[in-house]
Peer 1: 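Below is the structure I would like to discuss, written out as structure tokens.
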Amino acid sequence: MRMRFLWGVLPLFVFIWLLQNKHGNCEKPDVVNVGAVFAFDSVMGRAVKKAMELAVSDINGDPSILNGTSLNLIMEDSECSVFKGSIGALQVTEKQVVAIIGPQSSAIAHMISFISNGLHVPLISYAATDPTLSSLQFPFFLRTTQSDQSQMEAVADIVYFYEWKEVIAIFLDDDYGRNGIAALNDALTNKMLKISYKLPLPINYDITDIMYVLNQSKSLGPRVFVVHINPDSQLRFFNAVHKLKMNGSNYVWLMTDWFSTTLDSFSPKNRSLLSTLEGVVSLRPYIPQSAQKRAFLSRWRKLLQNELVHSGLTAYGLYAYDTVWVVARSIDNLLQQGGNISFSLSNMLNGTTSDKLQLGKLKEFDGGGLLMNILSLTNFTGLTGKIHFSQDRNLIGSGYEVINIVKQEIHIVGYWSNFSGLSVLPPKPLQNKETAVTNLNQNLKSVSWPGGKSETPRGWVIANDERPLRIGFPRRASFTEFVTLNASHNVQGYCIDLFYEARKLVPYDIPFTFVPFGSGLANPDYNAFVNMVATDVFDAAIGDIAIVTNRTRMVDFTQPYVSTGLVIVAPIDTSESSAWVFLKPFTLEMWGVTALSFLIIAVVIWILEHRVNEDFRGPPKRQITTMFLFSFSTLFKTNQENTVSTLGRMVMVVWLFLLLVITSSYTASLTSILTVQQLSSPITGIDSLIASNSLIGYQVGSFAYSYLKDILNIAPSRLKSLRSPEEFEAALRQGLGNGGVMAIVDELPYMELFLQNRTDFGIIGRPFTKSGWGFAFKKDSPLANDMSTAILKLAESGKLQEIHEKWFCQLGCPTDRRKDSVPDQLHLSSFWALYLLSGAVTVLALLIFLLKSIRQYIRYKRNHTDLSSPSNTRCSHVIYSFFDFIDEKEEAIKRIFAQQDNAQPQTNGS
């Protein structure tokens, strides 16, 4: 019985013990420890330290939060060192902190995040902006400031807004700098822009390092600088800029928020430092105005007046204040949900020797995962505005201000947010929904640039007096009219004059120096010449440079200033023209149809005019003569006979129109044939030249060699290099049997010049390639576009033709004597519609005439036919009678009908 009682009471005691134990564990702790690791004595740290102290004081004095529990903030100084920051993180975790606030350095944040992951202690940073600090790699990392991903998108929008194409990035060579610039590169690439040069600074840089980097940049083309470094109270970077005189009107300095943080940290007495910053543009985190913010700023100003703080309040000071509140609210929420503040040994530290590294003191926070979830769901309004986080645990920021330094004052010229882009109005509060950004309404107020100018800088400099543009030109050995270095060592030629004229139309100065390419003893290799631009030996190349595919992959060309192409030049025969050349304009078919048409018209007109026109009557011999003479005389408009009948005139109108078109076309075709009929050669075009298996000449240095070999697959053994017009002539005259060539393939301008005083050679056919000559510049060089515009203006004004005539028309402009392989003949297919029209009108006229004649014949026969005569019904008799009838003059027939009509009333009267 007693045992039964004990077994019945024992579960009750166990249940009461468990309830007591659980109640004891759920009691709120008196103190909750929170760690903070940051650099105390830094631009950001001086304001952050005081802001967090104020936050802790406000929290512990507010009974609505952590009621009964005190928040204890344990601070460790990282001294801007990754090593010391990591040690500081380990030291605060030994004191069983439930969260770590900080650090301000992204590099230190990377290291501490690994510690937070291992010990399940949330790490909440108010200033680590490196976009690679992701929640996927670091699930216990939370960012209460905006990521550099957003900031770099803002910078890219500014660059795009002012239509700059490329920038130079100067950055700190650590995780913060490298990853921030990588994000900028992605943002610029999305807008078809680019970072041309990346210039890193050492982590612990000094003024010497800055000046070295800036001196490097002076020799580069872009003048838009994006600077992404740490805040610097001494503004050493701009001291170097000022010393190197890089604050002129052709420079653009775009600063990330390190610059605005530095300025905000200045006390009013330090504002004189702004005198060296004229025209600088920077981003500053946008924090909406609110009563809370104004009250805190007033509170801070009093601290400054009482010298309790020695730094201005920065945006990151406000972020740090709010961060402490975020942590406190989340801890309060954790405790209200019954969470337990407890720590236990980490499985990851099992087996380690705690006597050496004191790792035994490091314990894992049991409620770290739950606290992290609560932190990520934060949603309240603080000093910096509404605080809530995206899915990747980044703060959904309110954007940035775009500030401009004007006369030692900070001017806000606009705002940027990821849902509105650039705007002159502050961003509106987010409504938790994505909004598409367009470029249609992007706008900023007027900006004062370095030098005090309001005009937007061009953003790049092609060259300056210290480093003029290196322009290469080919030292040609032949055809020196295009470009050459004369005996006085002056560069001259058609291409040079063109360059000088185009340069006058470029809206800025271009200091330059000419650099020769080649020995002058032989024409240089133009592919190698263009490659010198691509490899930065030359900044540009001018001359007779053909624009071909493989070269466009290396450089950018201007608008072509000469249209060209490969042509064939060969010896020609100047023998007398054929006596039968007048037959060539028409094909045999065309001649046959035309002759037949004359015969048909002769017959038709005779039929239509015979009964009414005396000119077409008389003896048969005379009628035949008149008929054919009238038809052929219409060709020369010498016919003396006139058409009388309406149908005849209708046929003649259409026939004469046909003759007008045919004779005009014949004259034009014959003229064309007589122009080229003197040029004859066994070569009829490129196909016959390839099939001949004969030697082909080409000019040294020309792209003709690679085209013939690589594109047309002509064996190199068939290609013979020639260096000068004299060698061209000798090779063509020698012929195949004497070591010469059958033809020369080269570009049209050279061949026109070659043929200017040589009548024994001619251009066969038309150019079989299409290309042009242009000036070559480095890829994406803005000067290529401006020179193209200048060349177009020269062409429109006629100046381009004047330069051409100056160099090539002193003895008469080169003529283009070409031989068409087959003369252009006129085919019937070109005129069938006209013949069809003429034939249709002729047939219609004949039908009308026959119907009219038959009607008259039937009327005539009714009154004159003897029905009792059997011969009257014979077919032959009817036909002969009909022809006899239509052979009569129509006037006589009409008279007979009139007499019949008069006799009919008399008969009826009797």
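On a predicted model such as this, the values are computed, not experimentally measured, just so you know.
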Peer 1: Would you say Arg223's side chain and Leu220's backbone share a donor-acceptor pair under 3.5 angstrom?
Peer 2: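 Answer holds: yes.
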
Peer 1: Could you check whether Phe40 and Phe38 have their ring centres less than 6.0 Å apart?
Peer 2: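 Judged by ring-centre distance (under 6.0 Å), Phe38 and Phe40 do meet the cut-off.
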
Peer 1: What I want to check is whether the side chains of Ser417 and Ser420 have a donor and an acceptor closer together than 3.5 Å.
Peer 2: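 Their side chains do contain a donor-acceptor pair, which is all the 3.5 Å distance test asks for.
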
Peer 1: Run the numbers on Ile170 and Val213 for side-chain contact (heavy atoms from CB on, under 4.5 Å), then give the verdict.
Peer 2: CA-CA 8 Å; Ile170 299 177; Val213 166; 4.1 Å; yes

Peer 1: Evaluate whether atom NZ of Lys194 has more than 12 neighbouring non-hydrogen atoms of other residues, nucleotides or ligands under 6.0 angstrom away.
Peer 2: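 Correct, the count exceeds 12.
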
Peer 1: Any donor and acceptor pair, going by atom type alone, linking the side chain of Asp257 with main-chain N or O of Ser260 inside 3.5 Å?
Peer 2: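 No; zero donor-acceptor contacts below 3.5 Å.
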
Peer 1: Taking the side chain from Ser113 and the backbone from Ala109, do they hold a donor-acceptor pair closer than 3.5 Å?
Peer 2: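 Yes, the answer is positive, given that a donor and an acceptor are paired below the 3.5 Å cut-off.
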
Peer 1: Taking the six-membered ring for Trp, are Tyr286 and Tyr400 ring centroids under 6.0 Å apart?
Peer 2: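 Here the rings of Tyr400 and Tyr286 have centres that are no less than 6.0 Å from each other.
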
Peer 1: Quickly, which of Tyr162, Tyr251, Tyr508 forms a ring-ring contact (aromatic ring centres under 6.0 Å, His included) with Trp460? Name it, please.
Peer 2: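 Testing each of Tyr162, Tyr251, Tyr508 against Trp460, the sole residue satisfying ring-ring contact (aromatic ring centres under 6.0 Å, His included) is Tyr508.
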
Peer 1: Among all residues two or more places apart in sequence or in another chain, which pass the salt bridge (Lys or Arg N to Asp or Glu O under 4.0 Å) test with Asp209?
Peer 2: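 Residues passing salt bridge (Lys or Arg N to Asp or Glu O under 4.0 Å) with Asp209: none at all.
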
Peer 1: Centroid-to-centroid, Phe237 to Phe259, below 6.0 Å?
Peer 2: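 Ring-ring flag for Phe237/Phe259: false, centres at least 6.0 Å apart.
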
Peer 1: Assess whether side-chain contact (heavy atoms from CB on, under 4.5 Å) is satisfied between Ile387 and Phe389, documenting all intermediate values.
Peer 2: CA-CA 7 Å; Ile387 301 174; Phe389 301 97; 4.1 Å; yes

Peer 1: Just to verify, what does Phe296 make a ring-ring contact (aromatic ring centres under 6.0 Å, His included) with, not counting sequence neighbours?
Peer 2: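 Phe296 satisfies ring-ring contact (aromatic ring centres under 6.0 Å, His included) with Tyr321 once adjacent residues are dropped.
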
Peer 1: Can you confirm whether the side chains of His242 and Thr276 place a donor and an acceptor under 3.5 Å from each other?
Peer 2: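 Per modelled atom types, His242 and Thr276 side chains form no pair under 3.5 Å.
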
Peer 1: At their closest point, which heavy atom of Thr378 faces which heavy atom of Leu375, and how far apart are they?
Peer 2: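 Nearest pair, atom of Thr378 first, then Leu375: OG1-O, 2.6 Å.
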
Peer 1: Under a 3.5 Å distance rule, please check whether Gln104 uses its side chain to pair with a backbone N or O of Ala128 as donor and acceptor.
Peer 2: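 No; judged by distance alone, with no hydrogens or angles, the pair does not exist.
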
Peer 1: Is it the case that the side chains of Asn394 and Ser147 hold a donor-acceptor pair, with the cut-off being a distance below 3.5 Å and no angle test?
Peer 2: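 Asn394 and Ser147 do not have a side-chain donor-acceptor pair below 3.5 Å.
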
Peer 1: Output the distance between atom CG (Asp780) and atom CG (Asp556), rounded to the nearest 0.5 Å.
Peer 2: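 Those atoms lie 6.0 Å apart.
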
Peer 1: Check the pair Phe225 / Val252 against side-chain contact (heavy atoms from CB on, under 4.5 Å), numbers first and verdict last.
Peer 2: CA-CA 6 Å; Phe225 292 84; Val252 176; over 6 Å; no

Peer 1: Are Val447 and Trp449 close enough, and set up right, to give a side-chain contact (heavy atoms from CB on, under 4.5 Å), and what steps lead you there?
Peer 2: CA-CA 6 Å; Val447 172; Trp449 302 103; 3.7 Å; yes

Peer 1: Cut-off 3.5 Å, no hydrogens considered: what does the side-chain donor-acceptor table look like for residues 82-92, sequence neighbours left out?
Peer 2:
unit_1 : atom_1 : unit_2 : atom_2 : d
Lys84  : NZ     : Glu79  : OE1    : 2.7
Ser86  : OG     : Val82  : O      : 2.8

Peer 1: For Asp148 and Thr129, does a side-chain donor sit closer than 3.5 Å to a side-chain acceptor?
Peer 2: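 Yes.
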
Peer 1: Once rounded to the nearest 0.5 Å, what's the spacing between atom CZ of Arg46 and atom OG1 of Thr314?
Peer 2: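 The distance works out to 10.5 Å.
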
